[in-house]
There are 2 protein chains.
Amino acid sequence: MNIYEIAKKAGVSIATVSRVVNNSPNVKPETREKVEAVLKEFKYTPNAIARSLVKRATNTIGVLTSDVRDSYYASAIYTIEQKFRKWGYNVILCNTGLEIENKREYMKIMLQKKVDGIILVGSVFREKSNNKHIYDAAHQVPVVMLNGDLTGKNIYSIVCDDETGTYKAVELLFSRGHRKMVYLYDADSFSGMAKIRGFKRGMKAKGLIPGSSSIIKVLPGVMGGYEGVERLDREDVKYTAILTSEDVIAAGVLKKLKEAGKKVPRDVAVIGYNNSQVSLCTAPELSTVDNKVEEMAAGAVQILYDVLRGKDVPPSMMVTPELVIRGSC
Amino acid sequence: MNIYEIAKKAGVSIATVSRVVNNSPNVKPETREKVEAVLKEFKYTPNAIARSLVKRATNTIGVLTSDVRDSYYASAIYTIEQKFRKWGYNVILCNTGLEIENKREYMKIMLQKKVDGIILVGSVFREKSNNKHIYDAAHQVPVVMLNGDLTGKNIYSIVCDDETGTYKAVELLFSRGHRKMVYLYDADSFSGMAKIRGFKRGMKAKGLIPGSSSIIKVLPGVMGGYEGVERLDREDVKYTAILTSEDVIAAGVLKKLKEAGKKVPRDVAVIGYNNSQVSLCTAPELSTVDNKVEEMAAGAVQILYDVLRGKDVPPSMMVTPELVIRGSC
DNA sequence: TATTGTTATGTAAACGCTTACATATTATTG
DNA sequence: CAATAATATGTAAGCGTTTACATAACAATA
């Protein structure tokens, strides 16, 4: 049932039907009623595709992330979707994984589908040359990154100051007497690097030396933390505190420490990152760094929305993380 | 840059350009090369909106769920997106929450945006009358439910046999000597009810009486489990085993038990549900029921895809859950 | 009443594509 | 080499809207 059929049934022109559907003024009350009756009777559903074609706007946002199953990303995506929905936009979700080719492919499709804007949820490569697809996309629609550092026309970013977040965590542990700290991380992402910088800076500020054996890369997930501690012990690294780049890694750390008969926080202190649900499920509960993912996501949405409305927007914003102290330290 | 401009630059008609873009045969190799060169030079991006309008298909699927932040739903959504992407479809994600009005609203928008099909991820009401929007939608596009029991034209469902899943859990606990079991659940959803049935059936099969004080509704999340145990103790309910409808609830149970000085599994056995990441983060690790969410999601995708291709598909399928035995029982 | 100004409605073009059909070109056959 | 078949290309309509512009209807003013 389209606008033509409605027009015929109601005995008016398609323009009038369109006006009624869009609540435009300048349509006589009686005509409006007549048309609305027909609309209701035949359960008219406007075709948003046709509308998008002429309006040159789809009211759809493309969101690229590596994997929604990561609770951190899921939170961001939730916030993005909910906030945009209030403004009449929908979200196309893309799980790109880590391969660049996938990201490129998804980006291409989003442009073909004419999304009005793109939000990248932690999915930016460190090497700028690998981000060509982002610059290309920004040529057609605004692009907003969560935790990315690209700059350029039509590119905006909102980052969490993870360097400071980790720095504060080091500071806290130091103040509680810890001198031998180890950092476990799983990804060389933008924020991953920032966290490592924070760890190093914190150590140095306290006169400690962040040796190569004290910053180690592990697999993602619980297993990563578990194996990480195994490796530390195997290599006979001494430590009284372990910091991680993710709560789940810290959960794995707790598990291995427990198996090894070490008490947390008595023998070893542990601090995670993200303030995720997992940090409440462990025993003891994890101390962690809240990197304000909702706040960041909300910021990204606001930025994109403003850009779409033609407002001037600063190309980059920053959110400050916060220490959450619980039982593990 | 559209098809007309390309046609002009290449000195051919728009039909020919269209043919080249769509790799249709019957275009002379030299013409193809000539057009392709222009396509490349001007970075032509086909407009999927225009294409959708004439093809009457958007290659887009609407996915409604209450909340992606729930790791169970996130897994389902991930699988749905990934599988459909392989077939050239994208996914619009909708977090409807629990209110019916939101679900209705989202459904309406999906129909306006002309999605080719809809998948409901655990978002069906128990009272049929509250699901009118689903029946209405099925009038226009195929609808597939994960864990829902609606039937009707153009409606398909794939469910996990959660009744049996919980039944097996009861059986296991019984075989390990437990006689006083308590069930904690958080939602009166379709699968929530099935689980309760399984618990009751299991108890009765073993000659036990599932009293009203042994099936209690709690808040969702870690807090729910925590407060649930508090309440049990306050009301002086005796138990040697606790089953829950979600792993996170079980995590809360473990936490409270630990605080109360009860050892798991020595004093109390605990079994969760979902086999989620959380079940690996607790100490001890949670025994749980794997309800095969990926398998279910993959099934839903296959069903919808087959329907879209005009195949005959059984209106309802079932997946069998599996006990995962770990340290908590 | 003729004139002007408002308000309501209609007509037709445009959005960017696909595709049925018509036509032009080339190859194949007797 | 003409007749026919096969292939390549072009033309135009249609997908379902919005909207600029034209026109009609009506009210207000001189």
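All values derive from a computational prediction rather than experimental measurement. We name chains A, B, ... by the order of the sequence lines, and we start the count at 1 in each one.
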Check: protein-nucleotides 12-15 of chain D nitrogen or oxygen pairs below 3.5 Å:
unit_1, atom_1, unit_2, atom_2, d
D:dC15, O3', B:Arg56, NH2, 3.2

query: Mind checking what makes side chain to side chain contact (heavy atoms under 4.5 Å, CB included) contact with B:Ile109, not counting sequence neighbours?
result: A:Arg85, A:Asn90, B:Glu105, B:Lys113

- prompt: To the nearest angstrom, how far is A:Asn22 atom CG from C:dT9 atom C1'?
  reply: 16 Å

Bend angle of the helix from C:dT1-D:dA30 to C:dG30-D:dC1, end axes from five pairs each (to 10°): 50°

message: With side chain to side chain donor-acceptor pair (under 3.5 Å) as the rule and sequence neighbours excluded, what pairs involving residues 295-319 of chain B come up?
response: B:Gln302-B:Asp306

field: N/O (side chain, A:Thr16) to phosphate O (OP1/OP2, C:dG10) under 4.0 Å
entry: yes

query: For A:Ser18 and D:dT17, is the shortest distance between a side-chain N/O and OP1 or OP2 below 4.0 Å?
result: no

query: Picking from D:dT18, C:dT18, D:dA8, which would you name as closest to the side chain of B:Asn26?
result: D:dA8

query: Do NZ/NE/NH1/NH2 and the carboxylate oxygens of A:Lys8 and A:Glu5 come within less than 4.0 Å?
result: no

field: Atom pair distance, as rounded to whole Å: CG in A:Asn59 and P in D:dT18
entry: 12 Å

d(CD, A:Gln112; P, C:dT18) in whole Å: 11 Å

- prompt: Atom CG of B:Asn23 and atom P of C:dT18: how far apart are they, to the nearest Å?
  reply: 11 Å

- prompt: Starting at the 5' end of DNA chain C, which residue's closest nucleotide do you reach first, B:Pro46 or B:Arg19?
  reply: B:Pro46

field: Donor-acceptor pair, side chain of B:Asn95 and main chain of B:Thr65, under 3.5 angstrom
entry: no

- request: Only counting residues at least two apart or in another chain, list the ones meeting side chain to side chain contact (heavy atoms under 4.5 Å, CB included) with B:Val293.
  value: B:Tyr72, B:Ser75, B:Ala76

Side chain to side chain contact (heavy atoms under 4.5 Å, CB included) against B:Glu41, all qualifying residues, sequence neighbours excluded: none

field: Side-chain donor or acceptor of B:Asn59 paired with backbone N/O of B:Tyr89 under 3.5 Å
entry: no

message: Could you work out, with salt bridge (charged side-chain N to carboxylate O under 4.0 Å, His left out) as the rule, every residue matching B:Glu99, not counting sequence neighbours?
response: none

- prompt: B:Ser24 near the nucleic acid: base, sugar-phosphate alone, or nothing, with a heavy-atom cut-off under 4.0 Å?
  reply: nothing

- request: May I have the distance from B:Ile6 (atom CD1) to D:dG10 (atom P), rounded to whole angstrom?
  value: 15 Å

task: Under the salt bridge (charged side-chain N to carboxylate O under 4.0 Å, His left out) rule, collect the residues that match up with B:Lys132, sequence neighbours excluded.
output: B:Asp136

task: Let me know the distance between CD1 of B:Ile3 and C1' of D:dT11, rounded to the nearest Å.
output: 14 Å

Name every donor-acceptor pair, under 3.5 Å, that has one atom in a side chain of residues 45-52 of chain B and the other anywhere in the protein, sequence neighbours excluded.
unit_1, atom_1, unit_2, atom_2, d
B:Asn47, OD1, B:Ile49, N, 2.8
B:Asn47, OD1, B:Ala50, N, 3.1
B:Arg51, NH2, B:Asn22, OD1, 2.2
B:Ser52, OG, B:Ala48, O, 2.8
B:Ser52, OG, B:Ala57, O, 3.2

- request: Strictly below 4.0 Å, heavy-atom distances to any atom of DNA chain D: list the hits from residues 27-43 of chain B, or just say none.
  value: B:Val27, B:Lys28, B:Thr31

- request: Assign B:Val21 to base, sugar-phosphate, or nothing according to its heavy-atom contacts below 4.0 angstrom with the strands shown.
  value: nothing

message: Which residues pass the side chain to side chain donor-acceptor pair (under 3.5 Å) test with A:Glu30, not counting sequence neighbours?
response: none

task: Under the side chain to side chain contact (heavy atoms under 4.5 Å, CB included) rule, collect the residues that match up with A:Ser13, sequence neighbours excluded.
output: A:Ala15, A:Thr16

